[in-house]
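Just so it is clear, the structure is predicted and the values come from calculations on it, not from any experiment. Worth knowing before you read on, the calculation uses all heavy atoms, side chains too, and leaves out hydrogens, waters and symmetry mates. Note that ligands are numbered from 1 as they come in the structure, with each ligand's atoms numbered from 1 the same way.
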Amino acid sequence: MTNVTVLGSGAWGTTFGQILADAGNAVTMWAIEPEIVADIRDNHRNSYRLPVVERLPENMIATGDRAEAVANAEIVVVAIAAQFARVALEEFRGLIPRDALVVSLMKGIERGTGKRMDEVVREALDLPENRFAAVSGPNLSKEIARREPSATVVASTNPYAAARVAQACSTTYFHPFTSTDVIGLELCGSLKNVVALAVGMARGAGYGENTAAMIETRGLAELTSLGKACGADPKTFSGLAGVGDLIATCGSPLSRNYTFGANLGKGMSVEEATKASDGVAEGVATTATVVALGDRLGVPTPLAAAMTHVLEDGISCAQMLSELFGTEITAE
Ligand SMILES: NC(=O)c1ccc[n+]([C@@H]2O[C@H](COP(=O)([O-])OP(=O)(O)OC[C@H]3O[C@@H](n4cnc5c(N)ncnc54)[C@H](O)[C@@H]3O)[C@@H](O)[C@H]2O)c1
Ligand SMILES: O=P(O)(O)OC[C@H](O)CO
């Protein structure tokens, strides 16, 4: 049994807390929202972010006190909306025990800095690389909350840390694989959200399988080129965290990114789709950062660029797809 603290009690943080509790750990949930803390602590529920679960496990407690939340933690898991991760984690600086591992579940890139979540978490907490791990894969929270079988990847440059975290979150229905490719894992998780926005938009506009397959395949090529340029292992992109997550996210209305895109495709504005979203659609903030990253590395990012024009200039789905094609005929 390990003492694990989860920072952020949204849909995925709470689901991951349930996985950790099912795996036999003592789990402490922390949330910035007092009503969520009270609901988990007093009712064993998170009716705000995860109503699909009737009763959370008994070995899962909650507190809103930062110092108390992490005082005995051996593993600290971070599941906060990516754009708020830095500011939220800076409040925990100096509170987390010196030998605890820190694990990011987040799938996003920080606006302004263009930094991945492994960079943001380590900077905010002043954490050495060997105490960091990231978890990413085809993990739609509502399915896993119902304990449907699924798998994920735990990546750390420290194989001991990856193995320890994988052990802590291994259950009969949730199977972690390990990896040392943190950069690849982070980029897969963040960039697939941009692809899911575009596929959702095409679906919302009424297009079928060919269009979806085209966006997914070109999107995978785009994220693989970017990943390679960043030093990622190309194999990661064909694994669970890459193509696996792309299939899950681009194919399910349970994905907030897919649904956000679908709502745009049906004619909603960005503001309307934001209001309609059931939680954070990380791809919205990540899209422009992908274009900036591509520009910096000299890697073309036509899909992210076209989606930036959707999000910033309100172009239609048909215009987005025509931008994606371009006018030049090239080799695939
Ligand atoms: N939902 C999923 O299926 C899923 C699966 C895998 C990964 N993820 C990733 O996990 C992360 C969290 O997703 P989620 O589903 O829990 O999102 P959510 O929208 O349900 O919850 C977001 C969480 O961020 C917290 N937060 C926002 N601003 C904060 C601040 N300033 N200080 C402290 N906390 C703050 C909220 O309180 C909430 O707990 C995202 O990066 C997402 O991409 C989600
Ligand atoms: O709901 P989304 O779009 O954030 O996607 C959830 C997960 O990332 C799927 O693996």
Checklist line | Spacing of CE belonging to Met320 relative to CG belonging to Leu303, to within rounding of 0.5 Å | finding: 7.0 Å
Next item on the list: Tell me the residues surrounding ligand 2, counting only those with a heavy atom closer than 4.0 angstrom, sorted by chain and number.
Entry: Lys107, Gly137, Pro138, Asn139, Leu140, Lys192, Asp245, Thr249, Leu254, Ser255, Arg256, Asn257
Item checked: NZ/NE/NH1/NH2 to OD/OE distance under 4.0 Å, Glu33 and Arg49 -> no
Notebook entry, point to check: Should Met201 and Lys266 be marked as a side-chain contact (heavy atoms from CB on, under 4.5 Å) after you check the CA-CA gap, both sets of side-chain angles, and the distance that decides it?
Noted result: CA-CA 8 Å; Met201 190 176 191; Lys266 287 175 193 156; over 6 Å; no
Next item on the list: Among residues two or more places apart or on two chains, list those pairs meeting side-chain hydrogen bond (donor to acceptor under 3.5 Å, both in side chains) that have a residue in residues 2-17.
Entry: Thr14-Asn46
Tabulated below should be the N or O atoms of ligand 1 paired with protein N or O atoms at under 3.5 Å; can you produce that?
| from | atom 1 | to | atom 2 | distance (Å) |
| --- | --- | --- | --- | --- |
| ligand 1 | 1 (N) | Ser141 | OG | 3.3 |
| ligand 1 | 1 (N) | Arg256 | NH2 | 3.2 |
| ligand 1 | 3 (O) | Asn139 | O | 3.2 |
| ligand 1 | 3 (O) | Ser141 | N | 2.8 |
| ligand 1 | 3 (O) | Ser141 | OG | 3.3 |
| ligand 1 | 10 (O) | Leu105 | O | 3.4 |
| ligand 1 | 15 (O) | Trp12 | N | 3.2 |
| ligand 1 | 15 (O) | Arg256 | NH1 | 3.1 |
| ligand 1 | 15 (O) | Arg256 | NH2 | 3.1 |
| ligand 1 | 16 (O) | Ala11 | N | 3.2 |
| ligand 1 | 16 (O) | Trp12 | N | 3.0 |
| ligand 1 | 19 (O) | Val280 | N | 3.0 |
| ligand 1 | 20 (O) | Ala11 | N | 2.9 |
| ligand 1 | 20 (O) | Arg49 | NE | 3.0 |
| ligand 1 | 20 (O) | Arg49 | NH2 | 3.0 |
| ligand 1 | 24 (O) | Ala81 | N | 3.0 |
| ligand 1 | 37 (O) | Glu33 | OE1 | 3.1 |
| ligand 1 | 37 (O) | Glu33 | OE2 | 2.4 |
| ligand 1 | 39 (O) | Ser9 | N | 3.3 |
| ligand 1 | 39 (O) | Gly10 | N | 3.1 |
| ligand 1 | 41 (O) | Lys107 | N | 3.1 |
| ligand 1 | 41 (O) | Glu282 | OE2 | 2.6 |

Notebook entry, point to check: Is Glu209 salt-bridged to Arg203, cutoff N-O under 4.0 Å?
Noted result: yes
Margin query: Enumerate the side-chain hydrogen bond (donor to acceptor under 3.5 Å, both in side chains) contacts for residues 179-199, please, sequence neighbours excluded, ordered by first and then second residue.
Written below: Asp181-Thr236, Lys192-Thr249, Asn193-Asn257
Item checked: Arg111 CZ to Thr289 OG1 distance, which is reported to the nearest 0.5 Å -> 8.5 Å
Margin query: Testing Thr301, Thr308, Thr286 one by one against Val194 for a side chain to side chain contact (heavy atoms under 4.5 Å, CB included), which residue passes?
Written below: Thr286
Check: Looking at side-chain heavy atoms only, is the closest gap between Phe260 and Thr274 below 4.5 Å?
Finding: yes
